[in-house]
Amino acid sequence: MRGLRAPRALALLAALLCAGCSGAGAGGRAASPPPGPAPEPLDRIAAALGCSPEVTVDAQEVREGACAVGAEAFRLATFSTADGRAAWLTESRQYGGTYLVGERWIITAPSAEALTPARDRLGGTLDSAPAHTHDGPTHDGPTHDAPTHGAHPLVIRTTPVSVP
């Protein structure tokens, strides 16, 4: 009997090792990829402005917040990926505004001058989009209750994701 244990143990060990190499998990399903990096905390971005953020969104893909320095209001967003940042910026540009854009973060403000201290500390690229205007009866978009002044409203479209 003792002579049969060693070959069986080796066969079992080989089977386990091969299953691990194939990427298949329990039940033969492929293992899910590890989650991406978390968005950077808003505190470092806000510190470059000289304020403390009020967090409004704290999700795996994006963190958003707002803060003010005197009369200047800022909106902040950090992202888990540069692609997420690019998609957010593309959607947001339709509302106008001035943006300081980093690798995985964005700050919006009423003017480029308001973003100068943050740009000096964090780097990034200034970007601006023309203000969204209300063109009266020929305006094809939805009705807006308030005009856009300064920093644009943050608009995030999310898709529900089921978590296993």
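Quick caveat: nothing in here was measured; it's all calculated off a predicted structure.
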To check you understand the geometry: which heavy-atom pair defines the closest contact between [X] and [Y], and what is its length?
X: P110; Y: A73; result: CD-O, 3.4 Å
X: P53; Y: L76; result: CB-CD1, 3.9 Å
X: S52; Y: C67; result: O-CB, 3.4 Å
X: V62; Y: P39; result: N-CG, 3.6 Å

What residues, two or more places apart in sequence or in another chain, satisfy side-chain contact (heavy atoms from CB on, under 4.5 Å) together with R85?
-> F79, V101, I106

List for me each residue that meets side-chain contact (heavy atoms from CB on, under 4.5 Å) alongside A112, sequence neighbours excluded, and say none if there are none.
-> T98, L126

Distance-only, no hydrogens or angles: does the [X] side chain make a donor-acceptor pair with backbone N or O of [Y] under 3.5 Å?
X: T56; Y: E64; result: yes
X: R104; Y: S80; result: yes
X: E91; Y: W88; result: no

Residue list, salt bridge (Lys or Arg N to Asp or Glu O under 4.0 Å) with [X], at least two apart or on another chain:
X: D127; answer: R93
X: R44; answer: E40
X: D43; answer: none

Is there a side-chain contact between W105 and L100, using heavy atoms and a 4.5 Å cut-off?
-> yes

Decide yes or no on side chain to side chain contact (heavy atoms under 4.5 Å, CB included) for F74 and L115, but give the supporting numbers first.
-> CA-CA 9 Å; F74 300 95; L115 293 169; 4.2 Å; yes

For the atom pair CD (E54) and CG (L42), what is the distance rounded to the nearest 0.5 Å?
-> 11.5 Å

Which pairs, with at least one residue in residues 107-126 and sequence neighbours excluded, count as a salt bridge (Lys or Arg N to Asp or Glu O under 4.0 Å)?
->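 Not a single pair qualifies under salt bridge (Lys or Arg N to Asp or Glu O under 4.0 Å).
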
